[in-house]
Protein chains: 2
Amino acid sequence: MDHWDAMEVLKDVNLRATPQRIAVLNVLKMLGQAHPTAEEIYVALKQEFPAISFATVYNTLKSFLDAGLLHELRFGDKASRYDLNTQAHHHLLCEVCGDLIDIYLPEVDVAQVLREHEFAMSGYHVEIRGVCKTCREHTLHKADTHL
Amino acid sequence: MDHWDAMEVLKDVNLRATPQRIAVLNVLKMLGQAHPTAEEIYVALKQEFPAISFATVYNTLKSFLDAGLLHELRFGDKASRYDLNTQAHHHLLCEVCGDLIDIYLPEVDVAQVLREHEFAMSGYHVEIRGVCKTCREHTLHKADTHL
DNA sequence: CTAGCTGCAAAGGGTTTGCGGAATG
DNA sequence: CATTCCGCAAACCCTTTGCAGCTAG
């Protein structure tokens with residue numbers, strides 16, 4: 001996970017190690033907690049691959065999604081964001097600036113509800129909405145929030 | 001909440017009680033846990049208002065969202081779903097049939113994480129992914145799920 | 001009466017797809 | 001070398017917007 005070989009990661013999931021895919025992985029790794037959109041990835045790749053197209057970015061992301069290398073996050077706004085972090089984690093979403101912050105929570109107790117509904121869980125995600133520190137300092141107040 | 005007057009609900013949030021809006025509210029109320037998409041609402045309204053357009057449906061939903069009458073839910077698939085239920089509740093999302101089931105969970109302990117990040121929460125939502133009872137019975141097995 | 005709404009059509013933004021040519025394993 | 005992938009462009013889908021006429025309060 002630390003000295004990280006993109007080619008190995010790709011081989012592990014049976015995807016061809018093309019330069020573009022390696023670059024996408026590295027961009028995702030590098031941007032880390034930034035949860036980039038397809039466009040942000042595209043822009044980052046443009047430097048190394050001036051000829052790259054959106055189609056390639058989306059194709060690549062789709063391959064990675066199918067392979068389980070990353071997660072797709074969608075919120076009220078338009079564009080999907082992509083998250084390489086595979087550890088169980090959750091998100092704070094700032095409704096002012098749109099920033100997305102990774103958080104780690106104690107396990108939520110869902111056993112009862114799963115039993116009730118006879119539902120086989122593969123995972124869960126907690127999304128907390130509100131206003132981040134920076135935006136609160138700038139706007140100074142906002143109604144109906146309870147810290 | 002039970003003998004339900006759509007006109008009153010609209011008046012309460014300062015929206016004009018037009019026939020279309022009343023109908024949208026009633027459709028949402030009727031479809032209840034079905035979490036319809038804009039298109040499903042449109043189709044349901046078509047019967048009563050053959051001339052209705054998507055624009056009206058989206059405009060109406062937007063008004064309701066701004067007024068806090070409903071929530072917009074987005075998942076991996078394309079279209080947003082709309083949820084009239086304003087009580088704090090969460091969702092089971094079946095990855096096979098796409099069905100969305102309302103659930104009620106004990107409160108998640110987020111105080112620590114909010115303090116850490118100095119984040120002012122306005123709400124949170126837990127989404128549990130997996131396979132619902134019906135789909136499990138039909139497919140009979142699925143890997144990497146832990147009940 | 002008049003602010004605000006409807007319906008139409010067209011545009012918008014993000015994502016997907018078909019195809020010929022190129023590169024991987 | 002066969003398969004898979006890339007890049008281009010066009011298509012697609014969901015959603016939004018501008019505008020003219022209508023309607024609720």
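Chain letters run A, B, ... following the sequence lines, proteins first and then strands; every chain starts at 1.
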Which atoms of nucleotides 12-14 of chain C (N or O only) lie under 3.5 Å from a protein N or O atom, and what are those distances?
none

### Atom-pair distance (CZ on B:F64; P on C:dG4), nearest Å
17 Å
### Query
What is the distance from CZ of B:F54 to P of C:dA11, rounded to the nearest Å?
19 Å
### Query
Between A:Q33 (side chain) and A:D102 (backbone), is there a donor-acceptor pair under 3.5 Å?
yes
Test side-chain hydrogen bond (donor to acceptor under 3.5 Å, both in side chains) applied to [X] - qualifying residues, sequence neighbours left out:
{"X": "A:R129", "value": "A:E127"}
{"X": "A:E72", "value": "A:S80"}
{"X": "A:E39", "value": "none"}
{"X": "A:E116", "value": "A:Q112"}

### Summary
Contact span of DNA chain D against chain A, any nucleotide atom under 4.0 Å from a heavy atom, 5' to 3', runs D:dT3 to D:dA9
### Task
Apply side chain to side chain contact (heavy atoms under 4.5 Å, CB included) to the pair B:L45 and B:Q20, showing each step before the final yes or no.
CA-CA 8 Å; B:L45 291 176; B:Q20 291 87 342; 6.0 Å; no
### Task
Quick one: list whatever passes side-chain contact (heavy atoms from CB on, under 4.5 Å) with A:M30, sequence neighbours left out.
none
### Message
Roughly what angle, to 10°, lies between the helix axis at the start of the helix from C:dC1-D:dG25 to C:dG25-D:dC1 and the one at its end, five pairs per end?
### Response
50°
### Task
With sequence neighbours excluded, tell me which residues meet salt bridge (charged side-chain N to carboxylate O under 4.0 Å, His left out) with A:K133.
B:E118
### Task
Applying side chain to side chain contact (heavy atoms under 4.5 Å, CB included), run through A:F119 and B:I128 and close with a yes or a no.
CA-CA 9 Å; A:F119 191 87; B:I128 302 181; 4.1 Å; yes
### Query
Quick one: are the ring centres of B:Y124 and A:H90 less than 6.0 Å apart?
no
## Note on the structure
A correct 5'-to-3' footprint of nucleotides 18-25 of chain C, with B, S and - meaning base, sugar-phosphate only and no protein heavy atom under 4.0 Å, is -----BBS
### Message
Under the ring-ring contact (aromatic ring centres under 6.0 Å, His included) definition, can you give me all pairs with a residue in residues 7-55 of chain A, not counting sequence neighbours?
### Response
A:H35-A:H91, A:Y42-A:F54
### Task
Name all residues meeting the ring pair (Phe, Tyr, Trp, His ring centres under 6.0 Å) criterion together with B:Y58; count only those two or more places apart in sequence or in a different chain, and write none if there are none.
none
### Message
Checking side-chain contact (heavy atoms from CB on, under 4.5 Å) between B:Y82 and each of B:L65, B:L73, B:T37, which is the one that passes?
### Response
B:L65
